[in-house]
Amino acid sequence: KQQKTREPQIPELAYRLKWVFNTSAAGELYAMEHGIFKAAGLSVEVKPGGPEKDAIKELELGHAQFGVASADMVIRALSQGAPVVVAAQLFQINPLQWIYRSDRTVIETPADLAGKVLGVTFGGNDETIMRALLAKYGIAGSEVELHSVRYDYTPFYQGKVDLWPVYRNAQGIIIEEKLRQAGEKAVFFDPHGAGVRFVANSVVTTRDMIEQQPEVVDRFISALLTGWEAAMDPANSDETIRIIHAYDPDTPVDQIRRQWAVTRKFVKPSSGFKIGTIDVSAWEETERIMVEQGLVQKPVNVRTAL
Amino acid sequence: MRIHCNHLTYRYPATSLYVFKDLDFNISEPGFHALFGPSGVGKTTLARLLAGKENDHSGALRTEAVSRILYSYNTERLPGWASVGMHLAGVTREGQKNRLEELETVFGLTEHLDSRFGQLSMGQQNRVNLARYLVQDFDLLIMDESLANVDEATREKIILCIKRIFPGKLFLYISHNVAEVARFCREILVLRGVRRSPQAISIHGQDQTSDDRSDAAELERTMLEIVHAS
Amino acid sequence: MRIHCNHLTYRYPATSLYVFKDLDFNISEPGFHALFGPSGVGKTTLARLLAGKENDHSGALRTEAVSRILYSYNTERLPGWASVGMHLAGVTREGQKNRLEELETVFGLTEHLDSRFGQLSMGQQNRVNLARYLVQDFDLLIMDESLANVDEATREKIILCIKRIFPGKLFLYISHNVAEVARFCREILVLRGVRRSPQAISIHGQDQTSDDRSDAAELERTMLEIVHAS
Amino acid sequence: MLHKRLYQFLIVYLIGLSVLLGFKYGLSLSDYVIPGVPMIWKAAEGASGRYVADTLNTLGVAVVGHMISIFLATVVGILGRRRSWAGSMIRAAAYNIQAYPIVAVAPIIFILLGDGPVSRLLIAAMICYFPLLLSFMGIFSEPVKDIEHFFNATGRMNWRLQVKIRAFENMRKLTTVIVGSATMAMVGTIVAEFIAAANGIGYSIRIALYQSDLAKILVALFYIGIFTSLYLFCLEWAGFRIEKRFETPKEGRG
Amino acid sequence: MLHKRLYQFLIVYLIGLSVLLGFKYGLSLSDYVIPGVPMIWKAAEGASGRYVADTLNTLGVAVVGHMISIFLATVVGILGRRRSWAGSMIRAAAYNIQAYPIVAVAPIIFILLGDGPVSRLLIAAMICYFPLLLSFMGIFSEPVKDIEHFFNATGRMNWRLQVKIRAFENMRKLTTVIVGSATMAMVGTIVAEFIAAANGIGYSIRIALYQSDLAKILVALFYIGIFTSLYLFCLEWAGFRIEKRFETPKEGRG
Ligand SMILES: Nc1ncnc2c1ncn2[C@@H]1O[C@H](COP(=O)(O)OP(=O)(O)OP(=O)(O)O)[C@@H](O)[C@H]1O
Ligand SMILES: Nc1ncnc2c1ncn2[C@@H]1O[C@H](COP(=O)(O)OP(=O)(O)OP(=O)(O)O)[C@@H](O)[C@H]1O
Ligand SMILES: [Mg+2]
Ligand SMILES: [Mg+2]
């Protein structure tokens with residue numbers, strides 16, 4: 001507190017995550033623990049998110065200066081005039097996938113989705129993705145049964161639903177493990193692999209920040225991405241996993257290790273890839289999907305906000 | 001000071017039987033008066049009409065030179081969070097502390113001032129309740145069986161005390177004790193029921209101010225008069 | 001049939017004053033007896049001890065050949081969901097319907113059977129309440145001021161009626177009316193307070209079974225006896 | 001009386017809306033944070049039909065859930081009214097079950113009962129019954145001495161009579177609580193739909209929330225308020241009739 | 001008495017657990033649907049330390065929220081006790097606000113108040129205050145004629161005295177409701193944490209839920225039950241003391 005008054009030039013920033021502390025926040029946690037933000041002359045408070053948290057709203061209300069939001073939230077906010085800007089794209093591949101039991105359900109091509117009971121969160125982005133998939137492969141709504149998903153997995157466990165949406169790098173690992181312990185085998189259906197590119201978590205800030213404190217934004221983003229690069233470096237994996245476990249004690253270390261490996265694939269698909277790169281064409285596809293499904297009234301020209 | 005009743009007609013809402021029909025009476029002087037009559041004849045009803053607690057009557061029921069009417073009855077209770085002594089002290093008007101103490105003594109309450117109201121016997125409750133009314137500002141005090149559960153000796157003391165302290169006020173004392181009202185009351189308004197005519201008869205009582213029992217024959221006559229009227 | 005009290009000592013829990021200390025008395029025959037004494041002396045307490053509603057006394061308070069004791073008091077109420085007539089009919093024992101009707105007539109209730117309890121005058125409430133006790137199975141009925149709010153004439157009728165119908169039962173009638181207990185009661189147990197000795201005196205009443213007032217002098221004597229005792 | 005209820009609701013709603021809009025225009029927030037009037041109006045036009053149907057659907061479940069809750073609270077209140085060990089055990093059970101947040105218990109309910117309408121009803125009832133239970137417990141456990149004495153003394157007392165006496169003597173308190181708990185039933189149903197069901201206004205709210213569409217939520221709240229007021233009015237009217245009936249009984253005995 | 005409360009809780013908890021396990025072994029469900037005893041035991045070993053701390057944290061907030069609710073309910077109950085238009089307006093407002101499910105209102109609260117402890121407390125209080133309000137409203141709006149008559153007749157009545165009289169005459173009902181609503185305060189806090197906070201047992205439950213870890217939820221419910229029982233016991237004891245104090249006042253006036 002005293003430092004604050006003595007060195008007022010250090011910008012105090014609040015950074016709102018999309019979800020609670022877990023592997024999806026590996027880079028942020030790493031940067032925080034290793035003083036990377038401090039080294040960049042920033043004081044950053046990383047706040048966990050949750051289902052009721054909306055980083056974009058907090059940006060506008062001044063409760064936070066940076067945040068993580070999914071692409072559909074960004075596009076929707078843009079369509080409603082929110083002054084939000086995407087500063088970096090953390091996930092190159094959307095971690096949202098569908099888990100299913102390979103001994104009960106066979107999905108070899110996306111066309112096999114027909115006739116299945118598919119779990120979707122109505123109103124959530126998994127519904128958007130699934131509908132885009134179905135449209136892409138010409139599967140009529142009458143050929144599948146969409147089952148409303150909520151936060152407990154009972155219908156999936158009880159076999160009432162064939163495919164259940166999960167974050168591949170988070171619950172995916174945990175559920176897979178549970179099924180394995182029960183002697184069942186789970187695999188994942190990946191929309192990205194099926195050609196639907198729907199952008200997931202990205203770092204957002206406001207237009208004002210970019211215009212008025214471009215240098216702070218640069219410092220923050222580069223510190224953040226430095227954190228991510230370090231966290232995804234296999235040489236640091238043990239340290240990264242230790243840090244994550246400190247913030248997410250409910251997940252056992254060996255599961256975090258697997259989560260980490262999957263996350264790495266999504267965030268840094270190849271070893272030379274620069275984390276944070278914005279995949280403009282994927283954003284445009286995302287916008288197109290949302291316009292097609294009537295989720296936004298008219299195109300927002302997302303390119304301008306990237 | 002006067003209570004004036006002219007063609008009073010009343011029945012309770014949504015009932016068909018009248019309690020009063022064209023009732024007339026007059027009480028024209030201050031003093032300790034009685035309201036008398038068999039159970040169910042309408043004493044309480046009349047008292048509540050006077051106190052403005054029932055409405056919708058027709059006819060006139062008016063008072064003159066009576067600005068504050070208080071109505072007390074025997075099943076009233078005091079709140080339970082403090083002793084009766086504290087309650088009595090709390091509701092006593094400025095400058096009436098001495099009077100309160102006098103009443104406490106005459107009413108035989110001094111030993112019970114530390115009790116909660118709920119711990120008193122019924123007669124003790126009656127007395128505590130009446131005492132607090134007597135330290136209020138009033139012109140007419142209606143006592144609806146306010147001493148019903150008190151023994152005769154104590155009741156006599158209390159009535160004489162009231163008559164001594166408040167000679168200029170109007171009291172309307174409701175009691176079922178013929179001898180008592182005959183002896184101590186000035187006017188006894190005997191209610192006789194809606195089917196009889198006249199519905200109310202006024203009888204002069206002995207209005208004694210001390211407990212001497214000299215005039216037994218007179219008393220007997222008044223009592224008979226009351227019994228015959230009712 | 002006997003009530004037998006030997007060295008009864010009692011005080012209310014968490015109070016320091018005794019209501020009774022070594023109280024002795026005896027009531028040894030059925031009949032209409034009275035429990036008498038100044039307000040606060042302990043009549044209700046004794047009644048409740050007898051009925052088993054207060055405990056923790058020391059000394060003996062026993063009954064012999066009395067198996068069912070009922071305790072009635074004047075502030076009891078009937079539930080409000082039906083008329084009093086229906087309630088009375090509902091709680092009447094098998095084979096007592098005629099008796100109930102007789103009581104309703106003598107008690108002057110016939111006109112009010114359609115009313116709810118809350119719509120009755122106080123004296124009417126007293127009578128309804130007492131009537132329902134009389135159609136129960138009892139050996140000893142304690143009437144704690146059960147007729148306190150009823151007029152004297154009606155009360156007299158009621159007492160005579162009870163005495164006529166239930167000659168073999170025990171009644172303990174608590175009342176503040178000296179003349180009444182003197183005239184109608186068989187034994188009058190006068191409680192005198194814990195500070196006096198003896199604490200209770202038994203006086204023979206006139207035990208009249210009709211309302212003739214022939215023996216005025218005898219009555220006067222009994223009354224004086226009671227007044228002096230209390 | 002119905003007019004009054006609706007007016008009052010509208011006043012409350014408009015005050016709330018004004019505060020929100022005041023914020024919006026005061027801080028010049030975008031439509032995404034707090035929707036502007038045109039957006040709310042558009043949402044109302046677009047969604048009203050569905051939302052009215054949804055709210056009616058929810059109201060139907062809520063009414064049934066409310067009845068179940070009243071029944072449940074009565075039963076538990078009656079069983080738990082005694083000061084005995086059994087009574088306090090039942091109270092303990094009732095309290096303990098309530099102490100578990102529905103969000104944690106819901107999965108267990110789904111496992112045990114499946115996710116059909118029964119679960120939805122049960123959750124609604126659970127949320128609404130506890131406030132009722134508390135009052136019922138208070139009322140049923142307090143003797144009305146002056147009335148009960150006779151029945152105790154003559155061996156006529158049974159639990160039904162006791163409950164009847166205590167309920168009747170506290171009729172006004174009971175109606176207040178029953179009427180008031182109607183809103184809890186509504187809330188309970190909405191929450192149940194929110195976490196579990198695939199229809200009803202709670203489900204619509206969840207979708208609107210996922211799409212962070214505050215405009216639609218405001219429209220939903222409007223209809224919820226309207227229909228809750230209507231239901232409250234009906235209950236109040238019924239309560240009023242019952243009170244009336246016992247205050248002024250008819251003359252003449254059959 | 002404390003022993004009794006804890007025993008009772010344990011019995012209830014064990015019955016619940018047995019039913020669940022009965023289901024599991026009866027239908028031979030696998031561990032991921034309903035965890036077996038070893039799994040629950042392991043979860044208990046692993047998570048107990050943290051969960052106890054979390055539950056205590058939650059309890060702290062719940063106690064404050066409970067106090068706020070009691071205060072709120074008293075104020076609204078007093079204001080809404082009259083049969084006048086203003087009274088019924090306040091009742092309408094109180095009911096209408098309650099009719100909005102917290103899940104729908106929470107986002108608005110967060111927008112207006114941020115996500116500090118204030119929001120958490122407010123949500124907890126909102127969930128807990130309504131049951132209190134209902135009872136308070138019932139109690140405060142019903143005259144105690146035999147006591148109030150004197151004060152009305154002598155012009156001494158004011159709202160404070162009126163409330164005091166009615167509260168005192170209904171002390172037992174009030175304590176029942178206040179004690180009982182403690183569990184609502186606990187639930188409210190947990191729900192608030194569930195949807196918003198980053199600590200407390202509600203937050204832990206949310207994490208366990210999204211990890212589909214029923215074993216941990218069962219452990220959390222265990223601690224919630226234990227500490228709720230403790231809090232209830234404290235309140236009951238306090239209520240008992242108050243009742244006692246007025247039932248047997250001391251002899252001798254100072
Ligand atoms: N609330 C009421 N509704 C209907 N009728 C009533 C109500 N109160 C009293 N009555 C009837 O009105 C008549 C007069 O009652 P009131 O209480 O005035 O009698 P009272 O003279 O005071 O009798 P008591 O000496 O027994 O107290 C009675 O017949 C009674 O049944
Ligand atoms: N619950 C109680 N707690 C403490 N003291 C009590 C309680 N009830 C009565 N008393 C006291 O015990 C004494 C006897 O009371 P009791 O009610 O037996 O008198 P009583 O003879 O019936 O009087 P009354 O004729 O006025 O009804 C009184 O002094 C009273 O203050
Ligand atoms: Mg009367
Ligand atoms: Mg007595």
Side-chain angles (χ1 to χ4, degrees), chain D residues 4-5 8-9 11-13 20 23 33-34 85 88-89 92-93 95-105 107-108 111-112 130-131 133-135 137-139 141-142 170 172-174 176-177 180-181 183-184 186-187 190-191 194 202 205-206 209 212 214 217 220-221 224-225 228-229 232, chain E residues 4-5 8-9 11-13 19-20 23 33-34 85 88-89 92-93 95-105 107-108 111-112 130-131 133-135 137-139 141-142 170 172-174 176-177 180-181 183-184 186-187 190-191 194 202 205-206 209 214 217 220-221 224-225 228-229 232:
Chain D
K4 202 178 78 178
R5 267 223 166 276
Q8 287 173 336
F9 157 68
I11 292 173
V12 172
Y13 184 83
L20 266 184
F23 248 82
V33 181
I34 298 175
W85 206 88
S88 99
M89 179 72 213
Y95 285 17
N96 271 303
I97 289 172
Q98 185 59 28
Y100 299 144
I102 204 71
V103 284
V105 178
I108 299 175
I111 290 175
L112 298 183
F130 197 64
L133 175 65
L134 286 183
S135 293
M137 204 87 99
I139 285 168
S141 66
E142 190 161 337
N170 291 286
R172 183 132 147 219
K173 295 190 188 81
L174 282 178
T176 303
V177 176
S181 68
T183 67
M184 303 283 313
M186 197 68 186
V187 169
I190 295 173
V191 170
F194 189 89
I205 287 180
R206 187 175 58 160
L209 256 186
S212 37
L214 198 54
I217 292 181
L221 292 185
I224 292 172
T228 307
S229 296
L232 283 179
Chain E
K4 203 176 79 177
R5 268 223 165 275
Q8 287 173 336
F9 158 69
I11 293 174
V12 172
Y13 185 84
V19 170
L20 261 185
F23 246 79
V33 180
I34 297 175
W85 206 90
S88 98
M89 180 72 215
Y95 285 18
N96 271 303
I97 289 173
Q98 185 59 28
Y100 299 145
I102 203 71
V103 285
V105 178
I108 299 176
I111 288 176
L112 297 184
F130 197 65
L133 175 65
L134 287 182
S135 293
M137 205 88 99
I139 286 169
S141 66
E142 190 161 337
N170 292 285
R172 185 135 145 215
K173 295 190 188 84
L174 281 179
T176 303
V177 175
S181 68
T183 68
M184 302 284 311
M186 196 69 185
V187 169
I190 295 173
V191 170
F194 187 89
I205 287 180
R206 189 176 55 168
L209 259 182
L214 197 55
I217 291 179
L221 292 185
I224 293 173
T228 307
S229 296
L232 283 178

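Chain letters run A, B, ... following the sequence lines, proteins first, then strands; residues in each count from 1. Reckoned from all heavy atoms, side chains included, excluding hydrogens, waters and symmetry mates.
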Colleague: Taking side chain as C-beta onward, heavy atoms only, is V187(D) less than 4.5 Å from F130(E)?
Modeller: no
Colleague: Under a 4.5 Å heavy-atom cut-off, does chain D meet the side chain of I139(E), its backbone, both or neither?
Modeller: both
Colleague: Are K173(D) and K173(E) packed together at the side-chain level, in the sense that at least one heavy-atom pair is separated by less than 4.5 angstrom?
Modeller: yes
Colleague: Between V177(D) and L134(E), what is the shortest heavy-atom contact and its length?
Modeller: O-CD1, 3.9 Å
Colleague: Under a 4.5 Å cutoff for heavy-atom pairs, which residue among L221(D), L174(D), L133(D) has the most contacts with chain E?
Modeller: L221(D)
Colleague: Measure T228(E) against the heavy atoms of chain D and call it side chain, backbone, both or neither at under 4.5 Å.
Modeller: side chain
Colleague: Does any heavy atom of chain E fall under 4.5 Å from the side chain of S181(D), the backbone, both, or neither of them?
Modeller: both
Colleague: By a 4.5 Å heavy-atom criterion (distance strictly below it), what part of F9(E) contacts chain D: side chain, backbone, both, or neither?
Modeller: both
Colleague: With a 4.5 angstrom heavy-atom cut-off, is it the side chain or the backbone of L214(E) that approaches chain D, or both, or neither?
Modeller: side chain
